[in-house]
There are 2 protein chains.
Amino acid sequence: MMRKEAEPPATGSRAWQRRQRVAQILASAERVFAEAGFEGASMSALAAAAGLPKANLHYYFGTKEALYTALLDSILDLWLSATDSIRPENDPAEALAAYIHAKMRWSRTRPYASKVFANEVLHGAPYLGSYLAGDLRTLVREKSRVLEGWIAEGRMDPVDPPHLFFAIWAMTQTYADFGAQIRAVLDRPDLTAQDHARGTETVLRLVLKGCGLRFGAAESPGK
Amino acid sequence: MMRKEAEPPATGSRAWQRRQRVAQILASAERVFAEAGFEGASMSALAAAAGLPKANLHYYFGTKEALYTALLDSILDLWLSATDSIRPENDPAEALAAYIHAKMRWSRTRPYASKVFANEVLHGAPYLGSYLAGDLRTLVREKSRVLEGWIAEGRMDPVDPPHLFFAIWAMTQTYADFGAQIRAVLDRPDLTAQDHARGTETVLRLVLKGCGLRFGAAESPGK
DNA sequence: GTCTATATGACGATAGAC
DNA sequence: GTCTATCGTCATATAGAC
């Protein structure tokens, strides 16, 4: 389950066309898998979403499971990419704020990707287990060491780094994964920009003040 | 979808026996639905988990959907019960800490119930939607008013109350719903008591300090 | 009330014409 | 490469003996 993009094929070539089709199928499948889960997403529904007969999906991916794992694979890239700001030489408050902003933005712009990931983990990560115990564990250990450095230097309070990551993931992804609940409680058909701003502000406040860092945002922007 | 327990039938009566059977089926179904989702949980699997032929499940519940909604219904009671501590006359720090402890305990002791609920909401809450927009919305409004009172009295920082609830729900339930991910990252077959203690401490720290309240726990108990 | 045996339909997957 | 028609399997649900 490692993605490795060799040099992409020339635009318009047969291989390029195939890749376009595959990308288009994966894009439409994201929503279907997100809303119905793996078992609930039928090949008919996936085909309808892609605007193709279902035989074509089997032509491109072979099995439903292969289509699903290809989708998971494409989603993983997004998951890992946002931690760049967490580096020893950066300011803790700025680094954590940038990370939270990136994760909140991801929940807003890619809710279906988040839900596919959530559904997979919720059901025990049968396909993603080795990735979680591999790349993700390595990443968390690496970034935890950065946080431990900041703590040792007295630049932030002694928060348990892995659990801090669990908390940040949970708070930010909940706006995608549990969006139905949040919309119901707030009584909105869709979350507004202000809702997202308030959510981001709340997460920033809890994490930054919780880590003993400055929290400089305005109290309630746009209230 | 409103539960209303009239006076329970006498012990040993026919109605009592039936209720026992129903409770037993629901208890075993919780795990199956949690691990496989609604579509992934087959009546055969549900029957095997209950130790009964699948025809019996149809005898007691009629349809798979009815069995599922009965289970959801039984889980909702748990969801609403933990907010008692949040009342105007209580101390904000103690009230929030008690709520967080209750939610964390629930994640540890009833992970399957949490997952069934999470799966339902993740897929758009098709059966639970009216409850979310009804009872839960009412509860959040009521408790938010308590928090707003505390804020107005200067007893805590001006945190957006509904978003604070979303954050607390997310952080506490993640230990059940995303347990597979947490176990993988921490490299444990099961979370230890210490893992749970550290998770609880982290959530308490973020919420209490994030709200400008005292956070009195030891730095790292049992380290 | 309990269970075996089965009806009915939807599913993933494929064969084969184009 | 694309699509229609169809195969075999497994799902939910039920009929009917005990």
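Naming convention: chains lettered A, B, ... in sequence-line order (proteins, then strands); numbering from 1 in each chain.
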Trainee: Using atom NZ of A:Lys64 as one end and atom P of C:dC11 as the other, report the distance to the nearest whole Å.
Mentor: 9 Å
Trainee: How many Å lie between CD on A:Gln17 and C1' on D:dG1, as a whole number?
Mentor: 10 Å
Trainee: Between B:Cys211 and B:Leu96, which heavy-atom pair has the shortest distance, and what is it?
Mentor: SG-CD1, 4.3 Å
Trainee: List in numerical order all residues of residues 22-33 of chain A for which some heavy atom is under 4.0 Å away from an atom belonging to DNA chain D.
Mentor: none
Trainee: Would A:Asp160 and B:Thr202 satisfy side chain to side chain donor-acceptor pair (under 3.5 Å), going step by step from the backbone distance to the final call?
Mentor: CA-CA 7 Å; A:Asp160 190 297; B:Thr202 303; 5.5 Å; no
Trainee: Got a second to check how far B:Glu120's CD is from A:Gln181's CD, nearest 0.5 Å?
Mentor: 10.5 Å
Trainee: Is the closest basic N to carboxylate O distance between B:Lys115 and B:Glu30 below 4.0 Å?
Mentor: no
Trainee: Let me know the distance between CG of B:Leu57 and C1' of C:dG1, rounded to the nearest Å.
Mentor: 14 Å
Trainee: Could you list by number each residue of residues 36-46 of chain B showing a heavy-atom separation from DNA chain D of less than 4.0 Å, or answer none if no residue does?
Mentor: B:Ala41, B:Ser42, B:Met43
Trainee: When you look at B:Arg14 and B:Gln17, which way does the side chain to side chain donor-acceptor pair (under 3.5 Å) test go after all the steps?
Mentor: CA-CA 5 Å; B:Arg14 237 185 310 273; B:Gln17 285 188 351; over 6 Å; no
Trainee: Round to a whole Å and report the spacing from OH of B:Tyr68 to P of D:dT12.
Mentor: 15 Å
Trainee: Would you sort out whether B:Thr138 and B:Asp135 count as a side chain to side chain donor-acceptor pair (under 3.5 Å), showing the intermediate values?
Mentor: CA-CA 5 Å; B:Thr138 302; B:Asp135 283 11; 5.6 Å; no
Trainee: Is there a side-chain contact between B:His58 and the phosphate of D:dT14, meaning an N or O under 4.0 Å from OP1 or OP2?
Mentor: no
Trainee: When you check the side-chain N and O atoms of A:Thr174 and A:Asp177, is any donor under 3.5 Å from an acceptor?
Mentor: no
Trainee: State which residues pass side-chain hydrogen bond (donor to acceptor under 3.5 Å, both in side chains) with B:Arg31; sequence neighbours excluded, sorted by chain then number.
Mentor: B:Glu35, B:Tyr112
Trainee: Summarise how protein sits on nucleotides 2-10 of chain C as a single string, 5' to 3': B when a protein heavy atom is under 4.0 Å from the base, S for sugar-phosphate-only contact, - for no contact.
Mentor: BBB------
Trainee: Whole-Å distance between C:dG1 P and B:Phe61 CZ?
Mentor: 13 Å
Trainee: Does anything in residues 171-206 of chain B form a ring pair (Phe, Tyr, Trp, His ring centres under 6.0 Å)? List the pairs, not counting sequence neighbours.
Mentor: A:His163-B:Tyr175
Trainee: Going by the rule side-chain hydrogen bond (donor to acceptor under 3.5 Å, both in side chains), which residues pair with B:Trp169 if we only count those two or more places apart in sequence or in a different chain?
Mentor: B:Tyr99
Trainee: Quick one: pull up OG in A:Ser13 and CZ in A:Arg19 and give me the separation to the nearest 0.5 Å.
Mentor: 9.0 Å
